Student: 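Before we start, here is the structure in question, set down as structure tokens.
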Amino acid sequence: MITSRRRLLQISSLGAAGALAGGFIGRGAAAAAPVKIGFIVKMPEQAWFINEQKAATEAGQKDNFIVVNLAGTDGSAVMSAIDNLNAQGAKGFVICPPDVRLGTAIYNRAKADNMKVVTVDDQFVGPDGKPMTEVPHLGMSGYKIGQQVGEAIAAEMKKRGWKPEEVAACRITDEELPTARERVAGATDALLKAGFIKANIFDAPQRTTDTEGANIAASPVFARHSNFKKWVIYALNEESVLGGVRAAEQFHLGANDVIGVGINGTGAAFAEFSKPQPTGFFGTIAVSSALHGRQSAENLVNWIRTGTRPPADTQTTGVLMTRDNWQQVKAQLGS
Ligand code: FCA
């Protein structure tokens, strides 16, 4: 009787001690080591990327993971960012690469360092020129958003009563970047569908996807085709359209002569819409940079924690933002 009672007691106290110890170790480990990830962007000064990194960091504060924000402005900066992350014990990283053709090199370095990688905005391209589907990606649905740009421009041309034969387009392009090609192709197709004259579309190839790169590219287009007094301007993002709008201003083409429509819906557009007088920057298709940052970081962390691979390709949509509605759209998108 006694023996058996004692044995029972022993068993239960052992059980309790075991449970306590297990619980303690489990909680202790979780508290001591939140998952750490990197967030590497190609242009850390661009509002879009600032928002993405901020949203990822905030998501980490809520969900107990640490985000190390880094700049990867060229191939060697990306490689040292990855080594830096590895040395800090990061388990993976989100990246918008400075050149999508670096995909294989970045992927191999991540694999060698035992880190998981997902892309945001610009998808890696493999040696065969095709998107690297082995790396999960989250980005804009480029062609559709491009179509929205073209439709917005066509609607505004109609509203202003512009005749197709008197209007030219400054199409700012980056042929190396698939998402830029898709966005610009979507805009061109929508314009042609609305009756825009193909021969009046002039290309301005940009070297960098920012305002300066676009400004340098657009100026010669206005110089060469000064017979046109009415212009539309489009590109892969609003920073580039702004570069085009600034170039047009140097040729005395202002708000009444220019319809520029961008993509992103971030600080660059807000600054333009806040000016006392309208400019040739008519609008932008706004997409939530906060959603891109938060979702891609959460997808990666979930992959690290649970082994659930994020979807191969998530595509986001956009909405037209103009001088009239930008504050409401900004509030809606939370960016
Ligand atoms: C590309 C562009 C950025 C932004 C992002 C979603 O990386 O360069 O401006 O549009 O896609």
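Since we're looking at a predicted model, the values are computed, not measured. Indexing begins at 1, ligand by ligand and atom by atom, following the structure's order.
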Student: List ligand 1 atoms under 4.0 Å from Thr209, heavy atoms only on the residue side.
Tutor: 8 (O)
Student: Evaluate Gln46 for polar contact with ligand 1, using N/O atom pairs at a separation under 3.5 Å.
Tutor: yes
Student: Backbone or side chain, does any N or O of Arg183 fall under 3.5 Å from an N or O of ligand 1?
Tutor: yes
Student: Considering both backbone and side-chain atoms of Lys42, is one of its nitrogen or oxygen atoms within less than 3.5 Å of a nitrogen or oxygen in ligand 1?
Tutor: yes
Student: Please indicate whether any nitrogen or oxygen in Asp122 is less than 3.5 Å from any nitrogen or oxygen in ligand 1.
Tutor: yes
Student: Pair Trp48, Glu52 - check side chain to side chain donor-acceptor pair (under 3.5 Å), show working.
Tutor: CA-CA 6 Å; Trp48 176 271; Glu52 279 187 336; 2.9 Å; yes
Student: Taking only Lys NZ, Arg NE, NH1 and NH2, and the carboxylate oxygens of Asp or Glu, determine whether Glu151 and Lys193 approach each other closer than 4.0 Å.
Tutor: no
Student: Could you tell me which atoms of ligand 1, counted from 1 in the order shown, lie closer than 4.0 angstrom to a heavy atom of Asp121?
Tutor: 5 (C), 6 (C), 7 (O), 11 (O)
Student: Is the closest heavy atom of Ile263 to ligand 1 under 4.0 Å?
Tutor: no
Student: When rounded to the nearest 0.5 angstrom, what distance separates CD1 in Ile216 from CD in Glu212?
Tutor: 4.5 Å
Student: Which ligand 1 atoms does Leu236 reach within 4.0 Å, using its non-hydrogen atoms?
Tutor: 2 (C), 8 (O)
Student: Is Asp122 paired with Lys42 through a side-chain N to carboxylate O contact shorter than 4.0 Å?
Tutor: yes
Student: Is the closest N or O pair between Thr179 and ligand 1 shorter than 3.5 Å?
Tutor: no
Student: Is the closest basic N to carboxylate O distance between Arg181 and Asp174 below 4.0 Å?
Tutor: no
Student: Taking only heavy atoms of Phe49 into account, list the atoms of ligand 1 that are under 4.0 Å away from them.
Tutor: 3 (C), 7 (O)
Student: Mind checking whether Met140 contacts ligand 1 via backbone (N, CA, C, O), side chain (CB onward), both or neither, at a 4.0 Å heavy-atom cut-off?
Tutor: side chain
Student: If you look only at pairs with a residue in residues 231-241, which of them pass as a side-chain hydrogen bond (donor to acceptor under 3.5 Å, both in side chains), with sequence neighbours excluded?
Tutor: Thr188-Tyr234, Gln206-Ser240, Asn237-Ser240, Glu238-Thr266, Glu238-Thr284, Glu239-Asn264
Student: Compute the minimum heavy-atom distance from Glu52 to ligand 1 and say whether it is under 4.0 Å.
Tutor: no
Student: Heavy atom to atom 10 (O) of ligand 1, shortest distance: which of Asn237, Asp210, Asn264 holds it?
Tutor: Asn264
Student: Quick one, His137 with Thr314, criterion side chain to side chain donor-acceptor pair (under 3.5 Å). Give me CA distance, side-chain angles, the key distance, then yes/no.
Tutor: CA-CA 6 Å; His137 177 70; Thr314 306; over 6 Å; no
Student: Could you tell me whether Arg294 and Glu298 make a salt bridge, using a distance below 4.0 angstrom between a side-chain N and a carboxylate O?
Tutor: no
Student: Does Asp189 use its side chain to pair, donor to acceptor, with the backbone of Gly186 at less than 3.5 Å?
Tutor: no
